[in-house]
There are 2 protein chains.
Amino acid sequence: MSQTESPEPGEDRLDWAIRTCRERGLRRTKALQELLRVLIAAERPLNLTELESAPELSDQCDRVTLYRLLSRLEERGIVRRLGFRERAAYFTFCYPGEHHDYLICTDCGKIESLSLACPVEALEKQVMADTGFSGLYHELEFFGRCPKCAIPA
Amino acid sequence: MSQTESPEPGEDRLDWAIRTCRERGLRRTKALQELLRVLIAAERPLNLTELESAPELSDQCDRVTLYRLLSRLEERGIVRRLGFRERAAYFTFCYPGEHHDYLICTDCGKIESLSLACPVEALEKQVMADTGFSGLYHELEFFGRCPKCAIPA
DNA sequence: GTACCTGCAAAACCTTTGCAGCATC
DNA sequence: GATGCTGCAAAGGTTTTGCAGGTAC
């Protein structure tokens, strides 16, 4: 898994993303730029169907192209693939130094990003020491019922 | 999501599982008992292909039957379905009062169960208060490279 | 000009559903 | 005996691969 590089001063997210893609051997195609724009604007994980139906992408490139772009971005550490126990994978933009946890409604499937003071970072060191694993990172998901879904019963 | 019931004194895991299945309306079939036995013995999450090729199950029941059993068990809170960002779902036995976190090698895909003094429980209350979600539980996964995969490079 | 990227088609794979026959209660 | 469970077949989605043509470098 690649390391992410620090943004330069004054550089915004899209600029950082495009520069980093270039540095890691990707070509600056229209599809790539639009995909990054959509992912960054979303601020929450999106699956392929959601990405495909974004107006900026729907007539820009087809599903397979999106998959291949997302795979390349994932290999380069610019995007992260998430499970959420649904059939379709979710993808989220990774900006250096940022970490999100997620809150998912088990009824309606709604996904929110949380920016918690996450106590798990400290555990990572301990797990690395205990197990010999290296390059650890974590994903934390909360599942429950959102207020809207809790009303009926 | 169903609540799990407490085990009775002296009752082992398999007995608890079978009793709970019966109480929640499942029939005591050979396939169900073998599946529970395999899941409990595994002590780590298994996917359907792994379950299917377990000697106790391979000539006992087919893939579809396993799926349906696992779905019924999941609805009844006896089994939990996990994502792990792979294509196939993983299933793990849920014993009341136990919680596991997971450690997954991003190279070889090996999955280990961790029994951590997990600091996330305290956060659940805070997240419920902040967001209005109810019935929260969490899943925590660590990703990294296992010692064996770290050797080559 | 070369190497990579895109789009279309199709394959591979995992999951879900239908239905007749069988086992459990 | 009624109800639910099993096995086979097939459908429904998602993900992956092949290849000819186009685009970025």
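Note that these values count all heavy atoms, side chains included, but never hydrogens, waters or copies made by symmetry. So that the names make sense, note that chain A is the first sequence line, chain B the second, and so on, each numbered from 1. As the structure is a computational prediction, the values presented were derived from the model and not from experiment.
Rounded to a whole Å, the CD atom of A:E23 is 16 Å from the C1' atom of D:dC25. Between the CZ atom of A:R24 and the P atom of D:dC25 there is a distance of 17 Å, rounded to whole Å. For the pair A:I18 CD1 and D:dC25 P, the computed distance is 11 Å after rounding to whole Å. Distance B:L70 CG to D:dT6 P: 11 Å, rounded to the nearest Å. The CG-P distance, from B:L66 to C:dT16, rounds to 14 Å in whole Å. If you measure from atom CD of A:E74 to atom C1' of D:dT16, you get 14 Å, rounded to the nearest angstrom. Straight-line distance from the CG atom of B:L51 to the C1' atom of C:dC14: 14 Å, rounded to whole Å. As a whole-Å value, the separation of B:R85 CZ from C:dC14 P is 18 Å.
Under the rule for a salt bridge (Lys or Arg N to Asp or Glu O under 4.0 Å), the partners of A:E112 that lie at least two apart in sequence or sit in another chain are A:K110. Scanning for salt bridge (Lys or Arg N to Asp or Glu O under 4.0 Å) contacts around B:R72 gives an empty result, with sequence neighbours left out. Residues satisfying the side chain to side chain contact (heavy atoms under 4.5 Å, CB included) test with B:R19, not counting sequence neighbours, are B:E5, B:E8, B:E11, B:W16, B:E23. Evaluation of the side chain to side chain contact (heavy atoms under 4.5 Å, CB included) rule for B:E98 yields B:R13, B:Y95, B:H100 as partners, not counting sequence neighbours. Qualifying salt bridge (Lys or Arg N to Asp or Glu O under 4.0 Å) partners for A:K30, counting only residues two or more places apart in sequence or in other chains: A:E34. Residues forming a side chain to side chain contact (heavy atoms under 4.5 Å, CB included) with B:T49 (at least two apart in sequence, or on another chain): B:N47, B:R63.
In B:E121, the CD atom is crowded: over 12 heavy atoms of neighbouring residues, nucleotides or ligands sit closer than 6.0 Å.
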Can you give each donor-acceptor pair under 3.5 Å made by side-chain atoms of residues 124-131 of chain A, sequence neighbours left out, with the distance rounded to 0.1 Å?
residue: A:E124; atom: OE2; partner: A:H138; partner atom: N; Å: 3.3
residue: A:E124; atom: OE2; partner: A:H138; partner atom: ND1; Å: 2.6
residue: A:T131; atom: OG1; partner: A:V127; partner atom: O; Å: 2.7
residue: A:T131; atom: OG1; partner: A:F133; partner atom: N; Å: 3.2

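Using a 4.0 Å cut-off, no side-chain N or O of B:R63 falls inside it from OP1 or OP2 of D:dA9.
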Protein-nucleotides 8-10 of chain C N/O pairs under 3.5 Å:
residue: C:dC8; atom: N4; partner: A:R68; partner atom: NH2; Å: 3.4

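Counting atom types as modelled, B:R87 pairs a side-chain N or O with a base atom of C:dC13 as donor and acceptor under 3.5 Å.
Residues of residues 26-48 of chain A having a heavy atom closer than 4.0 Å to DNA chain C, listed by number: A:L26, A:R27, A:T29, A:A31.
Of the two residues contacting DNA chain C, namely A:R72 and B:F91, the nearest-nucleotide position lying further toward the 5' end is that of A:R72.
For the pair B:R80 and A:F143, the cation does not sit on the ring face, since its NZ or CZ is not both under 6.0 Å from the ring centre and inside 45° of the axis.
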